[in-house]
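Comments concern the structure below.
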Amino acid sequence: MLYDYTSIEKKWQKVWDEKQPFAAKQDFSLPKYYALVEFPYPSGQGLHVGHPRPYTALDIVSRKKRMQGYNVLFPMGWDAFGLPTENYAIKNKIHPRIVTERNVARFKSQLKSLGLSFDWSREINTTDPDYYKWTQWIFLQLFKAGLAYKKEMAVNFCTSCKVVLANEEVVNGSCERCGAPVIRKVKSQWMLKITEYAEKLIDGLNGLDFIERVKTQQINWIGKSTGAEIDFATTAGDKLRVYTTRCDTLFGATYMVIAPEHAMIEKWKPLLQNFDEIRAYQEAASRKSDFERTELVKEKTGVMLSGVRAINPVTGKEIPIFISDYVLAGYGTGAIMAVPAHDERDWEFAKKFGLPIIEVVAGGEDVEKAAYTDTATGKLVHSGFLDGLEVAEAKKKMIEYLEEKGIGQARVNFKLRDWVFSRQRYWGEPIPLVNCENCGWVAIPEEELPLRLPEVDSYEPTETGESPLSLMTDWVNCSCPKCGGRAKRETDTMPQWAGSSWYFLRYCDPHNDKALASPEALKYWLPVDWYNGGMEHTTLHLLYSRFWHKFLYDQGVVPTPEPYQKRTSHGMILGENGEKMSKSRGNVVNPDDIVRDYGADTMRLYEMFIGDFEQSAPWNTQSIKGCKRFLERFMNLLDIVKGEGVTPELERPMHKMIKKVTQDIDSMRFNTAIAAMMAMLNTVYDHGSLTKDELDTFAKVLSPFAPHIAEEVHERIGGKGLVSIAPWPVYDEAKTVDATVELPVQVNGKVRGVVSVAKDADKDAVLAAVHADEKIQAARAGSAVVKEIVVPGKIVNLVVKPQ
RNA sequence: GCGGGCAUGGUGGAAUUGGCAGACACGUAAGAUUUAGGAUCUUAUAUCGCAGAUGUGCAGGUUCAAGCCCUGUUGCCCGCACCA
C-alpha cells in the first residue's frame, strides 16, 4: 500500500476547511474545554521546527477532548505589533501593515500544512483596529482607575532601537531584541501600577495548576519581603526614613547609606561641606547603567556626607551618612541603616571605610572576620531591651517599640517595579489620551475608539527619541474632549505586551463590536483550561496578562479572578549539534522541508516522540524515519485487515493501549503514548491480522497525533463521517489486566527465575509455585531461607543464608 | 552568591514512583529480496565472559530490594542577582 502523504494530507485539509469540524460550538450547555497556545509574532523568517512542538501537543489534547465530547475552543492569532516588523519596514520602505500581512499569510499557510485543528473562524490580529480598539479601551479603564500615571524617570534606553525598554526587556545590560547596549535616560513615561497587584499576583497562584518552576519564578520576581520602616532623626533637624528586614539589629546600626539619587541630598545641599565631591559621585553613578552598577560587585564605593549626621534612635549616638550606589533608589526608601556585623554588603563597606562593627546577635564567629547573617539561631546582645531574645522575637518586640514611639512601623516591600508602558515607536497601539493645556491628561471618549494609527511618511523614530507620530502635527493637535480647549495627543504607543495581555478573552467572542467579549461567552469559556507557552514569558507576558485580568475582574468585566487554570511549558528543540537553533549558528530546520520530505503526520509524530515534552531535545533528521516507517506500516494494516469484531489475542493489548494513550495525553507524556502505539502495531504484525473494527479503533486513537492518515484509513475501511470527531475509544479496565502474571523471583536480590501465577494469587500460592520451580531450587540449594518477601503482582524475594 | 532543573547503551529516550534497568525508536552488524543503489523483511545489539559477573556522573548510607530515598561531591543547563 503506497503511503502518498502529500495527496492524503492535501485531501483532508481541504475537507476540514470545508466542513469546519473544529469550530467551537455556540451551544453553552455543553461541557467546555479551552486549550490555548501562545500566539506567535509573525516574523519574516517563518516558522522553525520549534514552533510546532507546543502547537501539536495542545492540538492532540484538543482533538482528544473533542472526541470525548467536549466543546473545545482551540484558537490561533497573531501578536503582530512590534519592533522587528517596524525595523524591516524602515529598512525596505514598506508599510509595516503590508509586512505584517505578508508574514501572517506565510505563517498561516505553514500552520495549515501541519493539520492543526485551530478554529480559524476566530483568528485575531493585535494590529487590527477592531482588536486594538479594546486594547485601548482596557488602557482607558486602567487610566480611569488611577493605575496609569505619567512619571519622569530614568529609563532603559536602547541605543540602536532608540526606544525605552522595560526592566524585563534588558538582559545583561543589553537590549533583549537587538543586543545593543542600553543606557539610562530621563524621560516622561506612562507607567502601569502592577505593584498595586503584587500581593494578589502571589496569592492568586494558590490553587492554580501551574508547573512549580513557573510559580517559583513569578514569586521570586515579585520578591515580597517583610520588614519595617524606621525614621532616623538627623542633625539637619529632619528625618531620614529607611527600610530594613532586620529591625532587630537596630542597636548595631553604625552608619547609614542613601542612594546617589536620593532627594535629601538636594535638601541638605547648604549644609554639605563636600558637596562637589558628592555631586561628582552622583554624576558618575548616573552614567552607569543598572547593569554596570551591579557588575562592580567586588569594590564598594561611596562618599561620606560631611555636615549632616543621623542619630540612631535606640542608642542615641550620632552616626555618619554615606551615599553609595550599592543602595538602589528604586527599592524601599532608597536609604538603609547599615549593620556591618550582620550584613555582608554593609560589612564590606565598613571594612573599606574603617567604620565600627558592633555585634548584636551572638552565635557567629568573630564579626571582625565576617558578617554573621544567620537568623535561625543566635540571641541578641549589646541591644538593651532586646538582650537575650531570639531574632524572631526581637523583631516583633522592636516593631512594637518603634510603633509605640512613633518612629517606625511594620512594612512589606516588593522587588516588582511598575510597568513602563510607553514606547517611542510607530508600530504599536496609540495611547488614547490627550494633554489639554487646562485639564492635563484626558481620556478620549470611548465612542471614539479605536484611535487609529495615522499614516506617516517615515516610521523612523526622531533623533530625540520621540515617536514618529510626534511629527504629525495635524494629528497631534486636537481639542480637549472635556473643555474643548487646545490639546495635544499622546504620541507614544503601547509596548508589544499590551495586545497579548488580553487576547485569550477576545477569542471567546472575537467579532463582538459592543464589548471586548460578551459576558455570556466569558462566563462560559473562562478560565483557560490549559495554557502552554515558553518559560521566557513567565515574568513578562504571563505576569502582565494575569495583572490585566485581575484588574478586569475587579472592574466586573471578567468572571474569574485568574485567567489560566493550568500552565505548562515545553522544552526547546535544539539543532542537530545540540545547540540552540538560530540563524547565526546555521542549524535551523525549516518545517516546510520536513513536511515535503516526510509529511505533516510524520513531522507531528516525530516532534512528540523526540522526548519529554518539558525537556529540551536535539533535532535529528535521521530519527524521523522511525516515525515515517510506523505510519507506513500503519497504512499497510489495510492489507491484512480481515473480518469484523474482536480478535481474542488482540483484545487485551488493545485495551491496554487505549488506556495508556488516554492517560498519557492528559499527563502530556506524548512520547510514551506513541511508543505504546508502536508496540501495539508490532503486536498486530506478530499476530498477522486484525479486524476492521480493531483497525478503526486504532485509527481513532492515532488520529490526534497523525490526523490525516487516520482519516484516510478510516475512510478506506468504509468508516462513516470524520474520524477526527468520532467518539474516543473507551477501554474496559478489566480487559487491561492479564489473567496470569509473570512474577520475577529473586534470591538475595538477584533475579533467578520467573513464575507464572494467577493475577490474584495469594502469598501461599505464589510461594508454592516459587518453591516448585527448578531454577529457584538450584539457586537456593544448600542454603536456609531466612525471609520470604512477596509483593503481589510485582516480585518475590527470598533471603537465604548458607547453612 | 541565591533559586530551580538535569546526569541512564554508539544516539534520542523508557522504567507503573522503592520491585526483572534499557520499553519504543535511531544507528550498527549479519542474512533475505533486488541488475545495482535505495526501499523493505528477518535476526542480533548495555559491557566482559564458556555456564557467571558487572553496570544508571562520583563517594558513602538506609532497605529483603535503590536509576528512584538520605548525606556528601563533580559537571552541565536555566532563572534572579548589591532588593537592605
Side-chain angles (χ1 to χ4, degrees), chain A residues 171-172 211-221 223-225 227 242-247 249 253 257 290-291 293-298 300 324-328 330-339 342-346 348-349 373 413-417 535-536 538-539 571-572 578 580 605-606 609-612 614-627 629-630 632-633 636 660 663 669 671-682 685 742-754 786-800:
Chain A
V171 178
N172 289 344
I211 50 173
E212 241 3 84
R213 55 197 171 122
V214 169
K215 283 192 184 180
T216 36
Q217 250 186 59
Q218 289 207 342
I219 289 168
N220 291 345
W221 185 263
K224 181 176 176 175
S225 97
V242 301
Y243 174 71
T244 177
T245 56
R246 295 295 305 276
C247 64
T249 61
V257 187
D290 267 350
F291 178 62
R293 278 174 66 158
T294 60
E295 202 184 24
L296 302 170
V297 164
K298 312 117 217 165
K300 296 259 183 296
S324 171
D325 63 6
Y326 86 89
V327 171
L328 307 175
Y331 184 76
T333 61
I336 62 157
M337 64 178 214
V339 186
H342 305 288
D343 182 282
E344 276 167 28
R345 297 151 301 183
D346 297 345
E348 222 181 288
F349 191 87
T373 56
N413 255 317
F414 297 93
K415 287 190 205 174
L416 186 70
R417 312 285 173 85
M535 274 315 281
E536 70 275 19
T538 302
T539 53
M572 249 190 301
K580 200 172 160 178
L605 213 55
Y606 176 64
F609 187 58
I610 194 167
D612 187 316
E614 295 199 76
Q615 227 61 47
S616 58
W619 181 266
N620 185 336
T621 300
Q622 192 68 254
S623 296
I624 301 172
K625 283 183 187 160
C627 293
R629 261 177 222 156
F630 167 71
E632 280 165 350
R633 292 191 346 126
N636 287 339
K660 177 87 179 139
Q663 293 179 343
R669 293 196 302 242
N671 52 338
T672 50
I674 293 167
M677 290 189 279
M678 288 173 165
M680 182 66 205
L681 188 72
N682 292 340
Y685 274 106
E742 304 263 285
L743 227 46
V745 182
Q746 300 180 327
V747 176
N748 285 349
K750 294 208 168 77
V751 180
R752 297 300 181 188
V754 176
V786 181
K787 202 170 175 187
E788 292 168 326
I789 293 138
V790 178
V791 185
K794 294 258 169 96
I795 205 161
V796 178
N797 192 9
L798 303 180
V799 185
V800 304

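All values below come from the heavy atoms of this structure, side chains included, with hydrogens, waters and symmetry mates left out. All chains are named by letter (A, B, ...) in the order of the sequence lines, taking the proteins before the strands, and each is independently numbered beginning at 1.
Every residue two or more places apart in sequence or in another chain that forms a ring-ring contact (aromatic ring centres under 6.0 Å, His included) with A:Phe349 is listed here: A:Tyr255, A:Phe322, A:Tyr326, A:Phe353. Applying the side-chain contact (heavy atoms from CB on, under 4.5 Å) criterion to A:Asn748, with sequence neighbours excluded, gives A:Val799, A:Val800. Evaluation of the side-chain contact (heavy atoms from CB on, under 4.5 Å) rule for A:Lys215 yields A:Leu205, A:Phe210, A:Glu212 as partners, not counting sequence neighbours.
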| field | Evaluation steps, side chain to side chain contact (heavy atoms under 4.5 Å, CB included), between A:Gln746 and A:Ile789 | value | CA-CA 10 Å; A:Gln746 300 180 327; A:Ile789 293 138; over 6 Å; no
| task | May I have the step-by-step check of side chain to side chain contact (heavy atoms under 4.5 Å, CB included) for A:Asp343 and A:Arg246, ending in yes or no? | result | CA-CA 9 Å; A:Asp343 182 282; A:Arg246 295 295 305 276; over 6 Å; no
| task | Check the pair A:Tyr606 / A:Thr621 against side chain to side chain contact (heavy atoms under 4.5 Å, CB included), numbers first and verdict last. | result | CA-CA 10 Å; A:Tyr606 176 64; A:Thr621 300; over 6 Å; no
| A:Val214 vs A:Met535, side chain to side chain contact (heavy atoms under 4.5 Å, CB included): CA-CA, chis, key distance, verdict | CA-CA 7 Å; A:Val214 169; A:Met535 274 315 281; 3.8 Å; yes
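Remark: P of B:C80 and CH2 of A:Trp221 are 6 Å apart, rounded to the nearest angstrom. A straight line from OH of A:Tyr331 to P of B:C82 spans 12 Å, rounded to a whole angstrom. With rounding to whole Å, A:Leu328 atom CG is found 11 Å from B:A81 atom C1'. Note: CH2 (A:Trp619) to C1' (B:C26) measures 14 Å, nearest angstrom. A straight line from OH of A:Tyr326 to C1' of B:C82 spans 9 Å, rounded to a whole angstrom. For A:Gln217 and B:G5, the CD to P distance is 12 Å, given to the nearest whole Å. Between the CD atom of A:Glu348 and the P atom of B:G1 there is a distance of 14 Å, rounded to whole Å. Distance CG (A:Asn413) to C1' (B:C82): 16 Å, rounded to an integer number of Å.
When each of A:Asp346 and A:Asn748 is assigned the nucleotide of RNA chain B with its nearest heavy atom, A:Asn748 is the one assigned upstream, toward the 5' end.
Here the separation of B:A30 from B:A23, taken at their C1' atoms, is 25 Å to the nearest Å. Only the P atoms considered, B:U16 is 13 Å distant from B:G67, to the nearest whole Å. For the C1' atoms, the distance linking B:U8 with B:G13 amounts to 9 Å, nearest Å. Across B:C24 and B:C69, the matching C1' atoms stand 28 Å from one another, rounded to whole Å. A distance of about 15 Å separates the P atoms of B:C68 and B:U62, rounded to the whole Å. Look at the C1' atom in both B:G12 and B:G22: the space between them is 13 Å, to the nearest Å. Comparing B:G57 with B:A14, their P atoms sit 15 Å apart, to the nearest whole Å. To the nearest whole angstrom, the two P atoms, one in B:C50 and one in B:G5, are 46 Å apart.
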| field | Contact letters for nucleotides 8-19 of chain B, in which S counts primed atoms plus P, OP1 and OP2 and B counts the base, heavy atoms under 4.0 Å | value | ----BSS----B
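Residue A:Asn682 places at least one side-chain N or O closer than 4.0 Å to OP1 or OP2 of B:A25.
Under the 90° criterion around 0 for the glycosidic angle, B:U17 counts as syn. Within 90° of 0 lies the glycosidic angle of B:G9, which makes this nucleotide syn.
Of the possible polar contacts, none joining the A:Asn671 side chain to the A:Ile610 backbone as a donor-acceptor pair under 3.5 Å is found. A:Gln218 contributes a side-chain N or O that, together with a main-chain N or O of A:Thr538, makes up a donor-acceptor pair within less than 3.5 Å. Side-chain N or O atoms of A:Asn413 include none that pairs as donor or acceptor with a backbone N or O of A:Ser225 at under 3.5 Å.
Within 6.0 Å of CD in A:Glu344 there are 12 or fewer heavy atoms belonging to other residues, nucleotides or ligands.
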Can you give me the N/O atom pairs linking the protein to nucleotides 37-48 of chain B at distances under 3.5 Å, or say none if there are none?
from	atom 1	to	atom 2	distance (Å)
B:U40	OP1	A:Arg629	NE	3.1

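Counting any heavy atom pair closer than 4.0 Å across all strands shown, A:Thr216 reaches no nucleic acid atom.
In the set B:G4, B:C82, B:C26, B:C82 carries the atom at the smallest distance from any side-chain atom of A:Asp325. Distances were taken from every side-chain heavy atom of A:Asp343 (C-beta onward) to each of B:C24, B:A84, B:C82; the shortest belongs to B:A84. Among B:C20, B:C26, B:G4, the nucleotide with an atom closest to any side-chain atom of A:Glu742 is B:C20.
Residues A:Asn682 and A:Arg633 meet the side-chain proximity criterion, which asks for heavy atoms closer than 4.5 Å.
Helical stems in RNA chain B, defined as runs of 3 or more consecutive Watson-Crick or G-U wobble pairs with donor-acceptor distances under 3.5 Å: B:1-7 with B:74-80, B:10-12 with B:24-26, B:27-32 with B:40-45, B:46-48 with B:52-54, B:57-61 with B:69-73.
A:Thr672 contributes atom OG1, which lies 12.0 Å from atom CE of A:Met678 (distance to the nearest 0.5 angstrom).
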